Q: 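Can you read through this structure? Questions will come right after.
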Protein chains: 2
Amino acid sequence: MRSPESAARERAKEPGRRAGQLSRLEIQRAALRIVDLAGLAELTVRRLAQSLHVTPMAIYRYFPNKAALEATLVDLVVSDSAVTAHDTPELRLWLLHTFARMRHALCRHPGIMPLLGTASHSSGNALAIVEQVLGRMRSHGIGSGDATRLFYRATAFTLGSVVMMDSVSLAHFVKPRPVQDELRRQQRHGFAALPKTEFPQVVAASAALADCYSGKRFEQELLGVIDDALQAAPHS
Amino acid sequence: MRSPESAARERAKEPGRRAGQLSRLEIQRAALRIVDLAGLAELTVRRLAQSLHVTPMAIYRYFPNKAALEATLVDLVVSDSAVTAHDTPELRLWLLHTFARMRHALCRHPGIMPLLGTASHSSGNALAIVEQVLGRMRSHGIGSGDATRLFYRATAFTLGSVVMMDSVSLAHFVKPRPVQDELRRQQRHGFAALPKTEFPQVVAASAALADCYSGKRFEQELLGVIDDALQAAPHS
DNA sequence: GAGTGCGTGTATACGTTGTATACTACCGTG
DNA sequence: CACGGTAGTATACAACGTATACACGCACTC
């Protein structure tokens with residue numbers, strides 16, 4: 001591929017990296033970068049290795065196979081959403097922000113969404129968020145059962161809204177991922193252009209549907225979900 | 001591969017199929033069968049062709065590429081959930097059954113879930129359900145805005161709950177897909193086995209969390225979501 | 001009927017992929 | 001200063017998606 005020393009030297013130049021050694025995290029980040037720039041289908045062991053100035057087989061010192069690598073990417077993205085401490089005193093708003101941040105993190109990496117459908121992609125970081133959310137609710141006097149229920153509703157709604165967003169996207173390729181408003185406009189036109197005799201309701205509600213699918217009304221509805229659940233649960 | 005006539009004869013034996021000709025639908029069904037039996041990763045053009053007693057390149061007369069074939073599978077599964085007319089008079093129960101059937105259909109084909117995260121997988125059949133749901137609500141006197149909102153909440157919750165189910169599944173391979181109770185038990189043990197100092201809340205709520213992730217409490221919570229939304233919307 | 005054009009499936013081939021296996025160079029320890 | 005383990009390399013291979021060119025058989029005209 002290239003003379004071994006030159007490759008090592010080149011990677012060693014990166015600041016803060018001792019002797020240019022690889023690491024799981026470094027590989028994961030490089031993989032995520034490729035997925036963001038070119039889509040999941042373009043994430044290839046060879047391309048990944050090249051971006052790290054390393055031989056393809058070097059990856060296999062850190063991951064048993066490509067699937068194992070991919071399985072860690074969702075958790076990596078989720079962990080990015082948890083960095084800020086974000087102290088909002090009011091519970092409902094804190095929940096809103098927490099789930100909104102999670103959604104935001106996922107939306108910034110649309111390429112990984114197929115991985116949401118593969119088994120066992122959540123590990124420590126995702127669990128840490130579960131723990132945090134449950135703890136916060138309990139500390140506001142919400143019972144364990146009610147807290148779990150609210151968590152379930154909010155999480156499912158959040159993940160589902162992310163999946164819905166992709167489902168009608170007309171932009172097959174990730175490259176110039178349309179911004180929310182642009183996506184909304186495209187979807188709205190898509191709905192409105194359907195045969196009115198076959199889909200009268202969809203055509204009539206095309207604007208509102210586009211607001212939902214594009215995620216424009218996500219926070220508003222999430223707050224509704226939270227409030228409904230909180231109303232049924234005694235708390236301070 | 002094999003003598004051409006023998007292959008054609010063999011397929012021609014299938015009843016109702018004129019001259020043993022292929023068709024998009026026939027290919028899709030065969031693809032889904034492979035995904036069900038062996039997982040999405042095992043869906044290969046060559047294997048698919050073999051299961052249809054045909055040369056790999058024959059597939060490309062019906063689909064421009066493999067991705068285009070895969071993109072149709074979600075819609076195929078969804079369409080299976082819509083066959084029954086299921087006339088439940090009461091609106092809230094009708095909605096419950098409709099979304100529950102959708103979830104059921106998706107759960108029967110766990111292999112396609114990664115496809116939920118790829119763009120543009122919904123077409124006619126999914127839209128038909130949207131149309132049906134909106135129409136039913138409107139005919140019960142619910143306004144367009146409220147109907148769309150309820151649709152959004154219920155759909156996102158349903159899809160999200162499907163995604164959640166997969167996310168903690170310990171059974172990496174689809175083959176003997178654990179039944180709900182078995183899955184629940186595995187998940188519960190997984191949650192309960194976490195370090196109690198790091199995840200006290202998760203460990204304490206392990207049973208309830210397993211109920212959520214395994215989907216055991218899906219219908220119950222979906223009904224809650226529906227009722228909350230209906231309460232805010234005037235209807236008959 | 002005899003040609004004939006087109007649609008359906010075939011044969012062959014190529015570049016790319018994931019990864020098994022065997023190797024080499026280096027670094028910290030004795 | 002030997003030397004064993006660790007990190008990365010070199011090479012190889014089977015399987016993949018699919019481009020290209022071809023063969024066959026049915027539905028037409030004349």
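Just so it is clear: chains get the letters A, B, ... in the order the sequence lines come, proteins before strands, and each one is counted from 1. Everything numeric in this text was worked out from a predicted model, so none of it was measured. Computed from heavy atoms alone, side chains included, the values below leave out hydrogens, waters and symmetry copies.
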Q: What does the B/S/- profile of nucleotides 18-24 of chain C look like, 5' to 3', with a 4.0 Å heavy-atom cutoff to protein?
A: BBBB---
Q: Once you round it to whole Å, what is the distance between P of D:dT6 and CG of A:Leu22?
A: 17 Å
Q: Calculate the interatomic distance between B:His53 atom NE2 and C:dT10 atom C1'; express it in whole Å.
A: 17 Å
Q: Kindly write out the residues that satisfy salt bridge (charged side-chain N to carboxylate O under 4.0 Å, His left out) with A:Glu70, not counting sequence neighbours, or none if the list is empty.
A: A:Lys66
Q: Could you state the CZ-P distance from A:Arg24 to D:dA7, rounded to the nearest angstrom?
A: 13 Å
Q: Pick one: which of B:Phe151, B:Phe218, B:Tyr152 meets ring-ring contact (aromatic ring centres under 6.0 Å, His included) with B:Phe157?
A: B:Phe218
Q: Report which part of the nucleic acid B:Tyr62 touches: base, sugar-phosphate, or nothing (heavy-atom distance under 4.0 Å, all strands).
A: sugar-phosphate
Q: Quick check: does any side chain N or O of B:Gln187 sit under 3.5 Å from a backbone N or O of B:Ser214, one acting as donor and the other as acceptor?
A: yes
Q: Between A:Arg185 and A:Glu182, is there a salt bridge with N-O shorter than 4.0 Å?
A: yes
Q: How many Å lie between CD on A:Glu70 and P on C:dT17, as a whole number?
A: 14 Å
Q: Would you mind listing every salt bridge (Lys or Arg N to Asp or Glu O under 4.0 Å) that reaches into residues 202-215 of chain B, with sequence neighbours excluded?
A: B:Arg184-B:Asp211
Q: Identify the two heavy atoms, one from A:Ala126 and one from A:Val78, that lie closest to each other, and give their separation to 0.1 Å.
A: CA-CG1, 4.1 Å
Q: What is the distance from CD of A:Gln50 to P of C:dT16, rounded to the nearest Å?
A: 12 Å
Q: Grab the CD1-P distance between B:Ile59 and D:dA19 for me, whole Å please.
A: 14 Å
Q: Atom CG of A:Leu48 and atom P of C:dT16: how far apart are they, to the nearest Å?
A: 18 Å
